[in-house]
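Numbers here are sequence positions counted from 1.
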Amino acid sequence: MKKRALLSVFDKTGIQELARFLVQQDWELLSTGGTARYLKEQGLPVTDVSAVTGFPECLDGRVKTLHPAIHAGLLARRDLAEHMETLEQMGLGTIDLVCVNLYPFFEKVQAGLSLEDTVEFIDIGGPTMLRSAAKNFAHVLVLTDPSDYAEVQQYLTNGSVPLSFKKRLAGKVFNLTSAYDGAISRYLLEEDFPQFWPMSLTKKQSLRYGENAHQSAALYVHTDSQGAIASMEQLQGKELSYNNIRDLDLAWKAACALGVRFPDGTLVQPLGQIDEGLIAGRLAQDPSSSASAAPAAGPPPAGTLGTAAASAAIPSAASSAFPAAASSPFLATASSAFPAACVAVKHNTPCGVALGATLLEAYEKAYACDPVSIFGGIVACTTRVDGATAQRLAELFLEIVVAPDFSPEALDIFKAKKNLRVMRAGTAPQDRMECISVDGGLLVQSRDNRLIERWDVVTKKAPDPKDIDDMLFGMRVVTFVKSNAIVVVKDGSALGIGGGQTNRIWAASQALERAAAVTGPANRARVLASDAFFPFPDVVEAAAAAGITTIIQPGGSIRDKESIEAADRLGIAMVFTGSRHFKH
């Protein structure tokens, strides 16, 4: 009896060659719909599946292969006499090879189609046939990947297909269908924390090694969404490494948190853009006025962060567009030019971050934050890189420069740096959730995208209006620094970044020392931002000694009163935001 192969593919790559080979090997071809028509057009003899099932395709092709004549032929064990006898009694034959690839749900779910149209690209018959064949892999060859066709032909020519190869092909089936089902689940469920975590990732590239040379690694990207890393275009330079990609991810996220302008004019709003009206009225005031008096009863109760009169709730929702003009880059109701920003990253933490009226100014300021650590680092830019900025970037050894676009002059300048990776970013970060592996599982959480919950001036002295932008800028930067995190800011530059320390005073001391080294004693920074509360007044005292006049921090310690009293005693304004930004 002739062996039979069932061929039903959306992607026709290589199918003509495989089908012709099977005919030459005296196999019978079964097929459906478009694949059957295609093969017949190539002059190949094909039996329609409906001739095997005795049942016509129906429901606009939704039902073709969902029939016992197909699945019995796939699932019958050739080594069990009772199975073969049953097939004979029912007048059914075996199917010995299945070649199926699926409706392109991965692509279509990204196309912005309606729910009704997207659902039509959920393949039912294909995965069902694949799973039946894969379960019976000892007796049925199952193909999902055109790259396997040639190897199958070679084995069949030699007259024997190893069981290990059949098993690997079956494993690829369940690898594919699990990702396929995961993408469908993610699309239909729309839950942040479902009972079973759906993963649908495909390997974008193998990497030379992981964090260290003895560790293997690969990059996987979502099948059902186009994230920032997956959409980046590498314009030149060496292959990206594991550490490069991790640093690139953080650098671009930090840049986008400051606002990005894409070539098509799309503007990405800074993280947690603030309504100016919610801060107005809690700015610089006469310390003797009753409105500016600090709460007298010690730290505010948990969850309230101060009295209603002294507090302003800050909305966390961010729109997709930055305002056309703004006098402050971070206040929603203001009006001036969109700022440029540069973020320098080394070892997965920012080492220099700055705003500028031009990209060149932003880079010069970011470089000045830490001219030592930036060497061998990554620089992310929020606007198109022009020739002047590229010239300065090219003077330094950098691993990567990433930006929404590059001028032709900039690309010509970078060509002299053959190993420099130049990455054009096509989109802002898309993922709402983030994961980290732990032994035996995953930790999953929503992204930290709520910058400030409240604006509580808890000291007698209120912030000077001219410091508001630096306060908000500092809080944006601090969300990307390893905890404990302290950022010291002056004029849109993160002059001192202290992070990754096991206590807050060490982080503060590092940040303050680094800032002082940049400014000198005559032009000291005024603003300090912290990712979490102060457990002791020591940070306030160190800040005052370094010339800091304004502190912004989440608050929430049982000892907040001590820090407030220290700030009042030392003439420092302090604002509680209610939003902690730990980054472990």
For the side chain of [X] and the backbone of [Y], is there at least one donor-acceptor N/O pair under 3.5 Å apart?
X	Y	value
S493	L495	no
Q236	L420	yes
Q110	E107	no
T382	A341	yes
D470	D491	yes
D560	S557	yes
Q430	A428	yes
T383	A340	no

What side-chain donor-acceptor pairs closer than 3.5 Å can you find for residues 511-523, not counting sequence neighbours?
unit_1 : atom_1 : unit_2 : atom_2 : d
R514   : NH1    : I497   : O      : 2.5
T519   : OG1    : A515   : O      : 3.3
N523   : OD1    : K490   : NZ     : 3.3

List the atom pairs, with distances to 0.1 Å, where a side-chain N or O of residues 352-361 and a protein N or O form a donor-acceptor pair under 3.5 Å, not counting sequence neighbours.
unit_1 : atom_1 : unit_2 : atom_2 : d
T358   : OG1    : E361   : N      : 3.1
E361   : OE1    : A357   : N      : 3.0

Selection residues 410-420 - residue pairs positive for salt bridge (charged side-chain N to carboxylate O under 4.0 Å, His left out), sequence neighbours left out: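 Salt bridge (charged side-chain N to carboxylate O under 4.0 Å, His left out) check on residues 410-420 returns D412-K415.
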Pairs meeting criterion side-chain hydrogen bond (donor to acceptor under 3.5 Å, both in side chains) with involvement of residues 396-408, two or more places apart: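 As it turns out, the side-chain hydrogen bond (donor to acceptor under 3.5 Å, both in side chains) pairs with a partner in residues 396-408, which skip direct neighbours, are R384-D405, E399-R421, D405-R424.
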Atom CG of L442: over 12 foreign heavy atoms under 6.0 Å: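 Yes - once you tally the heavy atoms of other residues, nucleotides and ligands closer than 6.0 Å, there are more than 12.
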Got a list of side-chain donor-acceptor pairs under 3.5 Å for residues 479-488, not counting sequence neighbours?
unit_1 : atom_1 : unit_2 : atom_2 : d
T479   : OG1    : R476   : O      : 2.7
K482   : NZ     : N348   : O      : 3.2
K482   : NZ     : N348   : OD1    : 3.2
S483   : OG     : D531   : OD2    : 2.5
S483   : OG     : K583   : N      : 2.8
N484   : OD1    : R504   : NH2    : 2.7
N484   : ND2    : Q501   : O      : 3.1

Aromatic ring pairing H584/F582, orientation class (parallel under 30°, perpendicular over 60°, tilted between):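 The arrangement is perpendicular - the two ring planes meet at more than 60°.
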I'd like to check the side-chain contact (heavy atoms from CB on, under 4.5 Å) partners of [X]; sequence neighbours left out, ordered by chain and number.
X	answer
Q445	E434
F174	R131, A134, T177
C351	A344, K346, D370, S373, I374
Q205	L207, L219, E239

F533/F576 under side-chain contact (heavy atoms from CB on, under 4.5 Å): CA gap, chis, key distance, verdict: CA-CA 9 Å; F533 62 65; F576 285 1; over 6 Å; no
Expected list for residues 194-203: side-chain donor-acceptor pairs under 3.5 angstrom, two or more places apart:
unit_1 : atom_1 : unit_2 : atom_2 : d
S200   : OG     : A179   : O      : 2.6
S200   : OG     : T223   : OG1    : 2.5
K203   : NZ     : S206   : OG     : 3.3

Residue pairs involving residues 239-267 (criterion ring-ring contact (aromatic ring centres under 6.0 Å, His included); sequence neighbours excluded):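 Counting only pairs at least two positions apart or across chains, no ring-ring contact (aromatic ring centres under 6.0 Å, His included) contact touches residues 239-267.
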Pairs touching residues 370-390 that satisfy ring-ring contact (aromatic ring centres under 6.0 Å, His included), sequence neighbours left out: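 Counting only pairs at least two positions apart or across chains, the ring-ring contact (aromatic ring centres under 6.0 Å, His included) contacts touching residues 370-390 are F375-F397.
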Check against side-chain contact (heavy atoms from CB on, under 4.5 Å), L393 and V379: CA-CA 9 Å; L393 287 163; V379 172; 4.0 Å; yes
E541/R569 ion pair, N-O < 4.0 Å: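 Yes.
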Basic-acidic side-chain contact under 4.0 Å: R432, D192: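 Salt bridge between R432 and D192, a charged N being under 4.0 Å from a carboxylate O: yes.
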